[in-house]
Asker: 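One structure, as structure tokens, below. Some questions next.
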Amino acid sequence: MLEPPGSPASPASPSVLPNPLREGLAEERVPEPAVMVIFGASGDLAHRKLLPALYSLTRDRLLPARFAIVGFARRAVSDDAFREEMRAACNEFARRRPIDAALWSAFARNIFYHQGEYEDLASFLSLRQRLGDIERDLGLHGNRVFYLATPPSSFASVIRSLGQAELAPRPPPPTAPRPAGPPPPFARVIIEKPFGTDLETARALNRDIHETLDERQIYRIDHYLGKETVQNLVVFRFANGIFEPIWNNRFVDHVQITGAESIGVEGRGGYFEQAGSMRDMVQNHLLQVLSLFAMEPPVTFDADAVRDEKLKVLKALRTIPESDFEQHVVRAQYTAGSIGGQAVPGYRQEPNVSPSSTTETFVALKLHIDSWRWAGVPFYLRSGKRLPKRVTEIAVYFKEAPHLLFGRRGESIRPNVLAIRIQPDEGIALNFGSKLPGPTMEIAPVSMEFRYGSSFGVEPPEAYERLILDCLLGDSTLFTRADEVEASWTWVSRIHRRWAEEAADGRSRLDSYPAGSWGPPSVRTMIVGASPPGSGRTWITASWPW
Ligand code: BG6
């Protein structure tokens, strides 16, 4: 069993010394004792993300003293062999490496493995028995989190089996009188992405899982919401009085949201062929970032209040006009090129990719949010693989000064841009024009910057750490609700339908770009084409500070 935080046996190391910047702040909440079952424990996600996140939480003393992990998968593996695999995974992928040997041996004592089939009720009945034994031995009270890190085709059947084996009883209705004594144990289910592949499949999955679970038990993961900088968007907007008044169509000219990656499909060709960038990055991550950026201030920072506001943004996305589709949607695929001086193959040459594939590895969109706040403000979203560098950022372009006293239009004055860098080099920068020293009124762009690294001196935790912790605490603010997922699929599926129609009558348009470039030329005209010459409007290509 793990020692409680602060006990003499908990190894203290310099890396877990208290952060002086947090002094005087409220203590972190520690979840109730619980067991987490990971379905798909043999997979990549469990190795690269989940176990390393659980280890880091333990190391930061954020998990309860009594906590157990049960890996569930098809392979026959002993508890000890599974622990060894997980040790190797944490040594390779945990945020702080190498792992601490003393801490690991305490942590590993509560890791177990259960062999089973996802479609087989008997496997779930034996899991129930096993959980009962573990809980009795460790003095746990029956709180359970089930993590679905399986292929999406198994989501519905795992949840059905959890229900049939009575492993995930629904909580009492929120209106029920609270019984005296401790609350009943909880059963929560974390569901990985992708949640459906279009509106119909997402709806069907929601229907299936609601047959067993109450929405309050469901935690749909979008790991972007666990990123510190994405959460900071809300703080930036609502904890500072000066930004909210300018966060609207009176001051904002347009907004660019970029999710660029330099990696290719990394051996996931089979999956990516079915997904494409639109499903892989836009439907979930970028639309979630957009909705946090654009939402109205919620009444409180609780899960439903925040998600109600995000939902309104997703519902207000204007359907892309049929007649002007190509000015609003660009899709493209990378060909061979080079990244950082290294030659890389084109998408069609990647393993498990068809040599005539028409799957997009890049997508750029121009969209509008039909609301009072954002009427008339274009939002540009782009995401792609094999772009020159990894960068996720939001760039807010402000309108020009109404009357220009200096210089000729566009010659030396650039629009003010606020760049919120989500990753890497997390931070925020604001650029503005400043007088160049000297006798003339020449203007140069300069910038003010905040960088997480230098301001706080700590590395941000991994998104999965925050999300697992929130689920254990019963806080679903950073998880997507059924109606949000359906609203974003409603919008995205219209685009997929249009692509399917075009493919059916041989009008498909798929641009290409060499790996290592910022996408096809058509994406430049999407922004620049619509702007007056010399307006300074261009994609921000990870070039800040200017
Ligand atoms: C995943 C996608 O959801 O997000 C991947 O499936 C993508 O294709 C990844 O590479 C990007 O996440 P991050 O955290 O590296 O920006």
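Heavy atoms only: backbone and side chains are in, while hydrogens, waters and symmetry mates are out. Ligands are counted one by one from 1 in listed order, and the atoms in each one are counted from 1 as well.
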Asker: Would you say the ring centroid of Tyr380 lies under 6.0 angstrom from that of His254?
Answerer: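 Centroid distance Tyr380-His254: below 6.0 Å, so yes.
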Asker: Show the atoms of ligand 1 that are less than 4.0 angstrom away from any heavy atom in His285.
Answerer: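 It comes down to these atoms of ligand 1: 1 (C), 3 (O), 4 (O).
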Asker: Between Asn206 and Arg220, does any side-chain donor sit less than 3.5 Å from a side-chain acceptor?
Answerer: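 Indeed, the side chains of Asn206 and Arg220 share at least one donor-acceptor pair under 3.5 Å.
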Asker: Looking at atom 9 (C) of ligand 1, what's its closest protein heavy atom, distance included?
Answerer: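 Residue, atom and distance for the closest contact: Glu261 OE2, 4.0 Å.
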Asker: Does Asp280 have a non-hydrogen atom less than 4.0 Å from ligand 1?
Answerer: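 Yes; Asp280 lies near enough to ligand 1 that a heavy-atom distance drops under 4.0 Å.
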Asker: What part of Tyr224, side chain from CB on, backbone N/CA/C/O, both or neither, has a heavy atom under 4.0 Å from ligand 1?
Answerer: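 The answer is the side chain of Tyr224.
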Asker: Going by atom types alone, do Arg331 and Ser277 pair a side-chain donor with an acceptor below 3.5 Å?
Answerer: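 Note: Arg331 and Ser277 side chains miss the donor-acceptor criterion.
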Asker: What protein heavy atom is closest to atom 15 (O) of ligand 1, reported as residue, atom name and distance in Å?
Answerer: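 The closest heavy atom on the protein side is Arg390 NH2, 3.3 Å.
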Asker: Could you check which of Gln423, Lys227, Lys385 puts a non-hydrogen atom nearest to atom 14 (O) of ligand 1?
Answerer: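 Closest candidate by heavy-atom distance is Lys227.
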Asker: Below 4.0 Å from any atom of ligand 1, is there a heavy atom belonging to Glu266?
Answerer: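 Not so, Glu266 does not reach ligand 1.
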Asker: Looking at atom 3 (O) of ligand 1, what's its closest protein heavy atom, distance included?
Answerer: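 Nearest protein contact, heavy atoms only, for atom 3 (O) of ligand 1 is Lys193 NZ, 2.5 Å.
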Asker: Would you say the side chains of Asp280 and Tyr271 form a donor-acceptor pair under 3.5 Å?
Answerer: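 Indeed, the side chains of Asp280 and Tyr271 share at least one donor-acceptor pair under 3.5 Å.
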Asker: Among side-chain atoms of Thr392 and Gln423, is any donor-acceptor pair under 3.5 angstrom?
Answerer: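 Distance-only check passes for Thr392 and Gln423.
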Asker: Would you say the side chains of Ser357 and Glu273 form a donor-acceptor pair under 3.5 Å?
Answerer: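 Note: Ser357 and Glu273 side chains meet the donor-acceptor criterion.
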Asker: Identify the residue among Phe243, Phe236, Trp374 that makes a ring-ring contact (aromatic ring centres under 6.0 Å, His included) with Phe293.
Answerer: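 Only match with Phe293 under ring-ring contact (aromatic ring centres under 6.0 Å, His included): Trp374.
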Asker: Tell me the protein heavy atom at minimum distance from atom 12 (O) of ligand 1, and give that distance in Å.
Answerer: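 The closest one turns out to be His223 NE2, 3.1 Å.
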